[in-house]
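Below is one structure, written out as structure tokens; the observations come after it.
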Amino acid sequence: MRIVRDLPALRAELAKLGPLALVPTMGALHEGHLSLLGIARRQAPAVAASIFVNPLQFGPQEDLSRYPRDEAGDLAKLEAAGCDLAWLPSVEVMYPPEGATAIEVGGPSEGWEGDARPGHFRGVATVCAKLFHQTGAAVALFGEKDWQQLQVIRRMVRDLDMPLRIQGCPTVREADGLALSSRNRFLSAADRAQAPALHAALRHVAAELAAGVPAGAAIATAKAGLAQEGFAVDYLALVEAETLREVSTLPGRLIAAARLGSVRLLDNIAAA
Ligand code: AMP
């Protein structure tokens, strides 16, 4: 695996590789990221992963410095996963001084994470656009775990005629249902034991909707249950899968964000 940290080195390595599948990450890699790598290998002759903790997608109240980092461990995992190229730009390489351009996606960026984290999707869209241009990837893979993000990227690629395909990949979960996340390591033992209740609540709501219970009632009951179990629920909603607009009838996507202590958990499932 080639490890590159600046644009000239990246271009030199890309010239030796065929069409590329790109897995953008912020590092602290877990089995969820590695499943994207595995799917990527079936999409293109060469696979690249980027590791870049993107300051642009963190709000002023969010602790960028607390984001977990483990470059040596990540590189070993990428190597073992058969990755051909690791792209590790510094902040200075990604955002040279005097940069004055950002990408603002409307539509699916609005509401939910867009409300909870103002400017977040602007940062995500901008860095992903740069990664797509830097690597010239033919396909980029994103987890369904971050459902709204996946829709924002799809929208941007369509709206700006970017010449690559976006592939969504299923959420990888612990045996008890908790979606893998780099942030799970910050859960206390008690909160870790409680955390799978979020996924369980989504599944319960999906079953109720399928049985004909009105969305408003099913969701209100689930939110109250989660609050009783110690979650601070930011939102739990039934939305149209691509636009993220709230809907009251199936089919849709059930999306949720809830905090346990200082850890914010995101999850979503299909509801049909
Ligand atoms: P991150 O490093 O958190 O920015 O995530 C990098 C990519 O991995 C994103 O496309 C995420 O949606 C995806 N991802 C994160 N967690 C999971 C998971 N549990 N299952 C599948 N994909 C995931």
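Order of listing sets the numbers, starting from 1, for every ligand and every atom in it. The analysis underlying the following values was restricted to heavy atoms, covering all of them including side chains, and did not include hydrogens, waters or symmetry mates.
Scanning the protein heavy atoms around atom 20 (N) of ligand 1, the nearest turns out to be Val172 N, 2.8 Å. Among protein heavy atoms, atom 11 (C) of ligand 1 sits closest to Asp146 OD2, 3.1 Å. Atom 4 (O) of ligand 1 has its closest protein heavy atom at Met26 CG, 3.6 Å. Counting protein heavy atoms only, atom 23 (C) of ligand 1 is closest to Lys145 CB, 4.0 Å. His33 NE2, 3.4 Å is the protein heavy atom nearest to atom 5 (O) of ligand 1. From the protein, the heavy atom lying nearest to atom 21 (C) of ligand 1 is Pro170 O, 3.4 Å.
Residue His30 places a heavy atom under 4.0 Å from ligand 1. In this structure, Pro24 counts as a contact residue of ligand 1, since one of its heavy atoms falls inside 4.0 Å of the ligand.
Here Glu62 does not pair with Arg183 in a salt bridge; the nearest charged N to carboxylate O distance is not below 4.0 Å. Under the 4.0 Å criterion applied to side-chain N and carboxylate O atoms, Arg117 and Asp234 are not assigned as salt-bridge partners. Electrostatic pairing of Asp267 and Arg203 does not count as a salt bridge here, judged by no charged N lying under 4.0 Å from a carboxylate O.
Between Asn184, Leu266, Leu36, Leu34, it is Leu36 that holds the heavy atom closest to atom 22 (N) of ligand 1.
Near Phe142, meaning under 4.0 Å from one of its heavy atoms, ligand 1 places the atoms 10 (O). Those atoms of ligand 1 that come under 4.0 Å of a heavy atom in Thr25, given as number and element, are 2 (O), 6 (C). Heavy-atom contacts of Gly143 reach the following atoms of ligand 1: 9 (C), 10 (O), 11 (C), 12 (O), 13 (C), 22 (N) (cutoff under 4.0 Å).
Among residue pairs with one or both ends in residues 196-232, none qualify as ring pair (Phe, Tyr, Trp, His ring centres under 6.0 Å); sequence neighbours excluded. Listed by first and then second residue, the ring pair (Phe, Tyr, Trp, His ring centres under 6.0 Å) pairs that reach into residues 59-94 are Phe58-Tyr67, sequence neighbours excluded.
Judged by the 6.0 Å and 45° rule, Arg155 forms no cation-pi pair with Phe121.
By the 4.5 Å heavy-atom criterion applied to side chains, Met26 and Gln57 are counted as neighbours.
Where the criterion is an N or O separation shorter than 3.5 Å, residue side chain and backbone included, Leu180 meets it with respect to ligand 1.
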**Request:** Apply salt bridge (Lys or Arg N to Asp or Glu O under 4.0 Å) to Asp84 and Lys16, showing your working.
**Result:** CA-CA 11 Å; Asp84 298 293; Lys16 301 177 203 160; over 6 Å; no
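For Arg245, the CZ atom counts as loosely surrounded, since its 6.0 Å shell holds 12 or fewer non-hydrogen atoms of other residues, nucleotides or ligands.
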